Protein chains: 2
Amino acid sequence: MRDPRIEGLAKVIVNYSLELKEGQTFFITSGAVAEPLVQALYEETLRAGANPVLDLSLEGTASAFFDLASDEQIDWVSPAQQWAFESADARIRVLSDTNVRELSNVAPERQTRRQKAMHPYMQKMMERSAAGDLRWNVTLFPTNAYAAAAGMSLREYEDFYYRACLCDQPDPVAAWKQAAAETIRLAEWIEGHEEVHIQGPGTDLKLNVAGRHFKPADGKYNMPDGEFFTGPVEDSAEGEVTFHLPATYAGREVAGVRFRFEDGKVVDATAERGEDFLIEMLDTDEGARRLGELGIGTNFGIADGTGEILLDEKIGGTVHLAVGESYPETGGVNESAIHWDMICDLRKGGSITVDGELLQQDGRFVV
Amino acid sequence: MRDPRIEGLAKVIVNYSLELKEGQTFFITSGAVAEPLVQALYEETLRAGANPVLDLSLEGTASAFFDLASDEQIDWVSPAQQWAFESADARIRVLSDTNVRELSNVAPERQTRRQKAMHPYMQKMMERSAAGDLRWNVTLFPTNAYAAAAGMSLREYEDFYYRACLCDQPDPVAAWKQAAAETIRLAEWIEGHEEVHIQGPGTDLKLNVAGRHFKPADGKYNMPDGEFFTGPVEDSAEGEVTFHLPATYAGREVAGVRFRFEDGKVVDATAERGEDFLIEMLDTDEGARRLGELGIGTNFGIADGTGEILLDEKIGGTVHLAVGESYPETGGVNESAIHWDMICDLRKGGSITVDGELLQQDGRFVV
């Protein structure tokens, strides 16, 4: 018998997030190190009458690939992957790093080349997702690498992680339905407003969201989940923001980031650590200095930053802003090759005010 | 740095057995437990300019599949598998059991149903192999399960196994070329003869091989390898044979098997253990009591039976006979749903005489 929280997570993903149906195909991408979760997903998929296809990698395959592959090999996309993007009914990516810095020293242009090779398939996936032909989800399997990045033992991290996934509850599927209701309520409350004013330590920022849509993130595409998000009007950001948690992009970390916005654009950017890399990324293209996302976390099961954005951006009592590409479904139109989320913590004195009405005070929703 | 013998095995498979070329596709089917070998194969494939596709399973997926899958799910073949059989340039199966009795209690009809679903793809694979469009190989990764079945520690088994694969040699690829030359020499020597007379403990058997072809097995399709084989004339077997090693079929083991042949047919069969199952298998169909194969082992790096036929049938100084289906390339025409190899050990007093000339005495080739 395995950890019942892993069974719970598999049930949530198969039956709540992806709602697998009889005869559907389900592509499971993971490191083999996530064996207990993959095995549980495999079994739960069979129980649902669907057909699981395993796409497992080993600890060293990704770094060997970038170390040894020629340009032609980097450009080649396996038929199994092609099928998954073009025809599978559902897919999941299980984050299962055993070394969160595994690819830190890969030449960025090789990673970019690979992303370019995968880009048509990613686009196809998003099109199929938008058309309702494909369900997808990103989740995580607790490893010592994630635990260490979060400053915990593996045992502590597992307790934290499965709590954040509501898998410490007697009926995790029911718990997610309930949590979803609260996230949906908040997204519906804010929809249709105009000005969002964020105040907190080192932060006084106004954004316009008029005509934009707020989307509730309720466990369908990420697990754990818990936020509602939009794309702010691209020339509206005005003021200063301080990001209190370190932020990672392409395997590199920056910390102590501050932005000053004028007419929606980052006109001043500083960082206590990694400032050169930060500036380099902001200069990627025209859209990289404008906001593609405002997200407001609703998962109060996540208390502290872990270094993994899948978790950190959901922390209840924080907001996150992403420079770069918008999500079209929000009405956002910013275009960029990057999308980099950074987190502003309002729990130690801060507020979110919407058209003059207080939405959140010191990290607690008050509506 | 990993065990250099694993690196050697990967080099042998990629560069000698399969001769992978730039741009080719290579489908690697294995349990994730064989990680060091799979990782080495992955890297060696990239070095050869070819494109590896991993098809990894977990320890519990096969038994979960047979436990939980409906008939529809058993009949479903994944697009990744379909592609591999129909279009890949090369494929390998890495035997990597962690429990050699994993599927012992699966209802045989469920396994048969799965084999039936896979049958058109297996046929396609054999056609493509015969046409030179597909290279394939079966190898093994040493696990405690195989070590235990062979009555060894894992460390001892690894020493034994890599020696049998010539991966204890400074240049395993060169060693295989040399070993191949000897197997080919023996196959060429016996080709064109008529009568094979096998004498040994509890054994006095005559077979006719007139017009049949002997094929050298020199590491292209199996690794380790070492035998030459044919399909004897189907009504020719006359006399008695004792099989000195236990024989496994569909996860079940029989031991102490003796056959008496008349006009090519097993007319009396006994076993010290598993006799009922043996008789049941011999009664599968008309061809199940006739010989589909005579093989003569040439790998003197394998000294003792291990319980795994991939290794045991190659033992230098043994012959093996298979009841059931012939290999068409030998000229054999026996048809059966089964092909069950059993091993007769001639090393403690025995001989193979071919048209009156001594080929082997007490397990040593004398030609």
Side-chain angles (χ1 to χ4, degrees), chain A residues 2 22-88 96 98, chain B residues 2 22-88 96 98:
Chain A
R2 67 178 72 89
E22 200 174 316
Q24 288 191 325
T25 55
F26 179 32
F27 194 71
I28 300 170
T29 298
S30 176
V33 72
E35 171 152 4
L37 176 57
V38 174
Q39 179 76 24
L41 285 169
Y42 186 87
E43 293 176 12
E44 200 58 34
T45 302
L46 288 172
R47 283 192 197 97
N51 299 302
V53 180
L54 298 187
D55 172 40
L56 302 180
S57 56
L58 300 175
E59 283 187 33
T61 45
S63 67
F65 181 78
F66 284 111
D67 192 29
L68 298 172
S70 66
D71 284 353
E72 290 69 28
Q73 287 170 312
I74 287 181
D75 291 344
W76 187 80
V77 178
S78 95
Q81 289 276 345
Q82 292 185 28
W83 166 77
F85 284 104
E86 291 169 353
S87 308
S96 49
T98 47
Chain B
R2 65 178 73 89
E22 200 174 315
Q24 287 192 327
T25 55
F26 179 31
F27 194 71
I28 301 170
T29 298
S30 176
V33 72
E35 169 151 9
L37 176 57
V38 173
Q39 179 76 22
L41 285 169
Y42 185 87
E43 294 176 11
E44 201 58 33
T45 303
L46 288 172
R47 284 192 197 97
N51 299 301
V53 180
L54 298 186
D55 172 40
L56 302 180
S57 56
L58 300 174
E59 283 188 34
T61 44
S63 68
F65 181 78
F66 284 112
D67 193 28
L68 298 172
S70 65
D71 284 353
E72 290 70 27
Q73 288 170 311
I74 288 181
D75 291 345
W76 188 80
V77 178
S78 95
Q81 288 276 345
Q82 292 184 29
W83 167 77
F85 284 102
E86 291 170 355
S87 307
S96 49
T98 46

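Predicted, not measured: the structure shown is a model, and the values here were computed from it. We name chains A, B, ... by the order of the sequence lines, and we start the count at 1 in each one.
For the set Gly49(A), Ser78(A), Ser87(A), Ser70(A), the entry with the most heavy-atom pairs within less than 4.5 Å of chain B is Gly49(A). Among Phe65(A), Trp76(A), Phe27(A), the residue making the largest number of heavy-atom pairs under 4.5 Å with chain B is Trp76(A). Most heavy-atom pairs under 4.5 Å with chain A: of the set Val33(B), Leu46(B), Leu54(B), Val53(B), this distinction falls to Leu46(B). Contact tally against chain A (heavy-atom pairs below 4.5 Å) for Ala88(B), Ala80(B), Ala84(B), Pro79(B): the top residue is Pro79(B).
If you measure heavy-atom distances from Thr61(B) to chain A, the contacts under 4.5 Å come from both the backbone and the side chain. For Thr45(A), the part sitting under 4.5 Å from any heavy atom of chain B is the backbone (N, CA, C, O) and nothing else. Contact of Gln81(A) with chain B is not made at all, since no heavy-atom distance falls under 4.5 Å.
For the pair Asp55(A)/Ile28(A), no side-chain contact is recorded, criterion being any heavy-atom separation below 4.5 Å from C-beta on.
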**From CA spacing to verdict: side chain to side chain contact (heavy atoms under 4.5 Å, CB included), Val77(B), Phe85(B)** = CA-CA 11 Å; Val77(B) 178; Phe85(B) 284 102; 5.7 Å; no

**Request:** Apply salt bridge (charged side-chain N to carboxylate O under 4.0 Å, His left out) to the pair Arg2(B) and Glu35(B), showing each step before the final yes or no.
**Result:** CA-CA 11 Å; Arg2(B) 65 178 73 89; Glu35(B) 169 151 9; over 6 Å; no

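Around the CD atom of Glu86(B), the shell of radius 6.0 Å holds more than 12 heavy atoms that belong to other residues, nucleotides or ligands.
Between the Glu59(A) side chain and the Thr98(A) main chain, no donor and acceptor come within less than 3.5 Å of each other.
Side chain to side chain, Asn51(A) and Gln24(A) fail the donor-acceptor criterion of an N or O pair below 3.5 Å.
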